[in-house]
Amino acid sequence: MSKKYDVVVIGAGPAGYIAAIRAAQHGLKTACIDEWQNRDGKYAFGGTCLNAGCIPSKALLESSELYHRAQHEFKKHGISTGDVNMDIAGMQKRRAGIVRQLTGGIAGLFKANKVDGLVGHGKLLTDRQVEFTPVDGEPEIIDAKHVILASGSAPIELPFAKFDGVDIVDSWDALEFDAIPERMGVIGAGVIGLELGSVWARLGSKVTILEAMGDFLFMADRDVASVAGKDFKKQGLDIRLGAKVTSATVTDGVVTVAYDDAQGSQRIEVDKLVVAVGRRPYTDGLFSEDSGIATDGRGFIEVDDECRTRVKEVYAIGDCVRGPMLAHKGSEEGVMVADLIAGELAEVNYNVIPSVIYTAPEIAWVGKTEAEVQQSGRPYKTGSFPFAASGRAKAMEQTTGMVKVIAAEDDDEILGVHIVGPMAGELIGEAVLALEFSASTEDIQRTIHAHPSLSEAVHEAALAADKRALNYMNR
Ligand code: FAD
Ligand code: NAD
C-alpha cells in the first residue's frame, strides 16, 4: 500500500523546508523530499541557500572583511597587530562548520515539527501521486492531497565559457577555493559577482569583473549605484562595463577571456574565471510529461499570484517560479501556500521584498527606485542623509554612503528606501515594515530612534524629505 500524506513538498531549500514546517504546524501530515548532496558526499537539507549560497557566502564575506579591516583600519584605532595572516583552510573550515550546523538544524526542526524529511528524488506524476526514489533504495509511490514544488534554481552556463569545475567555475566552486587565486575574473557584475569578487579581492586576488550592461547595478537606484561603484573602484575591484564576452579558453591553468567593448576587442588572462550571469529555474526530472504542469518560455513553472499551478492542489514556490530569486521571497511563498492549504487567508506582498547586497559598503533597498517613481508620473519628494554625518558611523570608521527616502508629494506615503553604507541590510528592516504598513515619512519622523545608532540616518533621511533634517543641512 502506498504512503499517504496531506502535503508532500519536493525541495528542502528555504522555500520548501519553511512550507513543510508551516504545513505541519497546521496539523497536516507532511513530508519533504530532497536530494542535495554536498562535496563531502553527505546529503543535507537547506538547498542552495544554506549549502552553496546565502550562508557560506556571508561566512566568507565576514572573514575576508575582518582580515581587510585588521590590515587597513586597526591602525586608525591605535591597534597594532604586526603581520596579519589569512589561513584559507581555517576560513573554509569555519564556513563548512556553519553550513553543517544550520543544515543539521533543519533536520532537527523537521523532527520537532513532525515533518518526515525524505532523502532522495521526488517526481510528480498524475493525480497528486509522487514517485519518491530514496538515495539508497527503490522507487515508491506516495499519495498526496497537496503537492508543493520547490526545486530551486541552478547557475546559468555560457556556451563559450562552460564550467569545468577547476578553471572556469560557478559560484559554488568559488565559495570553496582552497587557495587565493592570484588573478580572478568574473563574468557578471550582479549580486554574486560583487559579493564573491569582494571576498577574494579582500584576500589579495586581483579581481576583474566583466559586465555586459553599460550601467553599473542597473536594478538599483542610481544614487546608490554611483556611491557603491566609486567605492568598489577605490577598493581595487576592476569593474568593466559594456563588456560582451566572446570566448574563454584554458591553457595550462590560465584562462584567456576575450570580450568586446566600446573601445574594440579586448582580452584578459586570469587564474580562475567565475561565471555569475544569473540563475535558471531547475526542474529537471521534477514532473512527468502527463502531470499537467506547465512552464513558461524561460523554464519557470507557471503559477498565479497564490502560487497555484494549473493542476488542482499542486503549488510551486521559490526560485522555480517568477519573481526575484531570493531566499526570503521563497520562504514567504512557502508560508502563504501552507496557510492556503490549511484554509486560511494568505498572500505575499510582492511590492515589498527587500534586496540586499552584502558588500562593504552594503547595499539595500525596498520599494521603487527614483527612476521608477519618475516613470510612474506620481509627484514625489526625496530626502537623503549621509553616514559621514552619523556619530555612530564615524565611531565605526564606516562613513561611506547614505540613506535615501522617496515619498509621494501628495499624501507623504513612502514609496522606496535605498541605503548604501554600514549595516544597510539590517537598517532596511525598518523601511520594509514602513512600506508594509503604508507608512508616511512623518511616521518615521515622529518615531524615536536610539542615539547614537545607524538607524538615526533613516530618521534624518525621512526628516530631510520635508527639509526638516536636524543634523544635516537641508537642501
Ligand atoms: P533552493 O535553495 O535551490 O532549494 C531547492 C532544493 O530542491 C535543493 O535542495 C534541491 O536539491 C532540491 N530538489 C530539486 N529538485 C528535486 C527533486 N526532483 N527531488 C528532490 N529534491 C529536489 N538569497 C538571499 O535571499 N540572500 C542571499 O544572501 C543570497 N545569497 C546567495 C549567494 C549565492 C552564491 C547564491 C548562489 C544564491 C544566493 N541567494 C541569496 C539566492 C538563494 O540561495 C535562493 O533564492 C534560494 O536558495 C531559493 O530557495 P529555493 O528553496 O527556491 O531553492
Ligand atoms: P544577477 O542577475 O544578480 O547578475 C548577473 C549579472 O550578469 C547581470 O548584471 C547581467 O547583466 C550580467 N550578465 C549576464 N550575461 C552576461 C554576459 N554574457 N556577459 C557579461 N555579463 C553578463 O545574477 P547572479 O549574480 O548570478 O545571482 C543569481 C541570483 O542569486 C540572483 O537572482 C540573486 O538575486 C541571487 N543572489 C542573491 C544574493 C543576495 O540576496 N545578497 C546574493 C547572491 C545571489
Side-chain angles (χ1 to χ4, degrees), residues 9-19 32-37 43-58 60-61 103 118-124 130-133 135 149-156 158-161 170-172 174-175 186-197 199 209-219 240-246 257 259 274-287 316-321 323-331 333-334 353-359 362-364 425:
V9 185
I10 304 181
Y17 89 78
I18 289 291
C32 186
I33 301 172
D34 201 295
E35 61 187 351
W36 185 283
Q37 190 174 25
Y43 294 93
F45 297 124
T48 306
C49 177
L50 275 80
N51 290 289
C54 327
I55 300 302
S57 60
K58 268 76 245 177
L60 296 192
L61 279 157
T103 54
L118 308 179
V119 181
H121 186 80
K123 182 177 187 177
L124 177 71
V130 173
E131 180 187 76
F132 167 56
T133 310
V135 289
L149 305 174
S151 54
S153 61
I156 291 175
L158 293 173
F160 47 81
D170 64 13
S171 55
W172 190 5
L175 286 166
V186 185
I187 307 185
V191 195
I192 293 181
L194 292 174
E195 289 188 356
L196 291 184
V199 165
I209 308 182
L210 304 174
E211 166 60 46
M213 303 290 283
D215 284 334
F216 177 59
L217 275 182
F218 60 90
M219 65 289 202
R240 302 186 188 179
L241 301 174
K244 311 265 185 297
V245 178
T246 49
V257 188
Y259 65 95
V274 183
V275 180
V277 294
R279 295 176 63 84
R280 61 171 177 87
Y282 177 79
T283 56
D284 300 5
L286 179 65
F287 47 83
I317 58 176
D319 279 10
C320 64
V321 302
M325 288 184 166
L326 295 171
H328 41 281
K329 173 262 192 185
S331 295
E333 288 179 335
I353 299 176
S355 296
V356 181
I357 307 178
Y358 294 84
T359 43
E362 284 185 0
I363 301 165

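Both ligands and their constituent atoms are indexed starting at 1 by order of listing.
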Which residue and heavy atom of the protein sit nearest [atom], plus the separation:
atom: atom 25 (O) of ligand 1; value: Ala327 N, 2.9 Å
atom: atom 25 (O) of ligand 2; value: Ile192 N, 2.8 Å
atom: atom 4 (O) of ligand 2; value: Gly190 CA, 3.2 Å
atom: atom 19 (N) of ligand 2; value: Ile187 CG2, 3.4 Å
atom: atom 4 (O) of ligand 1; value: Gly13 CA, 3.5 Å
atom: atom 9 (O) of ligand 1; value: Asp34 OD2, 2.7 Å
atom: atom 14 (C) of ligand 1; value: Ser151 O, 3.3 Å
atom: atom 19 (N) of ligand 1; value: Gly122 N, 2.9 Å
atom: atom 53 (O) of ligand 1; value: Gly152 CA, 3.1 Å
atom: atom 3 (O) of ligand 2; value: Val191 N, 3.2 Å
atom: atom 22 (C) of ligand 2; value: Val277 CG1, 3.7 Å
atom: atom 7 (O) of ligand 1; value: Gly11 CA, 3.2 Å
atom: atom 38 (C) of ligand 1; value: Cys54 N, 3.9 Å

If you measure from [atom] to every heavy atom of [options], which option wins on shortest distance?
atom: atom 34 (O) of ligand 2; options: Lys329, Met213, Met325; answer: Met325
atom: atom 3 (O) of ligand 1; options: Thr48, Val356, Ile33, Ile10; answer: Thr48
atom: atom 24 (P) of ligand 2; options: Gly278, Gly188, Ala212; answer: Gly278
atom: atom 33 (C) of ligand 1; options: Ala44, Ala15, Gly53; answer: Gly53
atom: atom 41 (C) of ligand 1; options: Gln37, Met325, Glu131, Glu35; answer: Met325
atom: atom 8 (C) of ligand 2; options: Met219, Glu211, Arg240; answer: Glu211

Side chain or backbone of Ser153 under 4.0 Å from ligand 1, or both, or neither, by non-hydrogen atoms?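 The answer is the backbone.
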
Heavy atoms only, cut-off 4.0 Å: how does Tyr17 contact ligand 1, side chain, backbone, both, or neither?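 Answer for Tyr17: neither.
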
If we only consider heavy atoms of Tyr259, is any one of them less than 4.0 Å away from an atom in ligand 2?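 It does not, in that no heavy atom of Tyr259 comes within the 4.0 Å cut-off of ligand 2.
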
Give the atom numbers and elements of ligand 2 that come within less than 4.0 Å of a heavy atom of [X].
X: Arg279; result: 28 (C), 29 (C), 30 (O)
X: Phe218; result: 9 (O), 11 (O)
X: Val356; result: 39 (C), 40 (O), 41 (N)
X: Leu326; result: 34 (O), 37 (C), 40 (O)
X: Ala276; result: 5 (C), 6 (C), 7 (O), 26 (O)
X: Leu210; result: 20 (C), 21 (N)
X: Tyr358; result: 41 (N)

Which segment of Ile156 sits under 4.0 Å of ligand 2 when only heavy atoms are counted: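 Neither part.
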
With a heavy-atom distance limit of 4.0 Å, tell me whether Lys244 approaches ligand 2 through its side chain, its backbone, both, or neither.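 Under 4.0 Å from ligand 2, Lys244 contributes no heavy atoms.
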
Is [X] in contact with ligand 1, taking contact as a heavy-atom separation below 4.0 Å?
X: Gly330; answer: no
X: Lys123; answer: no
X: Lys58; answer: yes
X: Gly120; answer: yes
X: Ala52; answer: yes
X: Phe45; answer: no

With a cut-off of 4.0 Å, which atoms of ligand 1 are near a heavy atom of His328?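 Those of ligand 1 that fall under 4.0 Å from His328 are 25 (O).
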
Ligand 1 atoms in contact with Asp319 (distance to a heavy atom under 4.0 Å):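 Near Asp319, meaning under 4.0 Å from one of its heavy atoms, ligand 1 has 44 (C), 45 (O), 46 (C), 48 (C), 52 (O).
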
What is the minimum heavy-atom distance between Ser151 and Thr283, and which atoms define it?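 Heavy-atom minimum between the residues: OG-CG2, 4.0 Å.
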
Do side-chain atoms of Ser331 reach the backbone of Pro14 as a donor and acceptor pair under 3.5 angstrom?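 Here the side-chain-to-backbone pair exists.
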
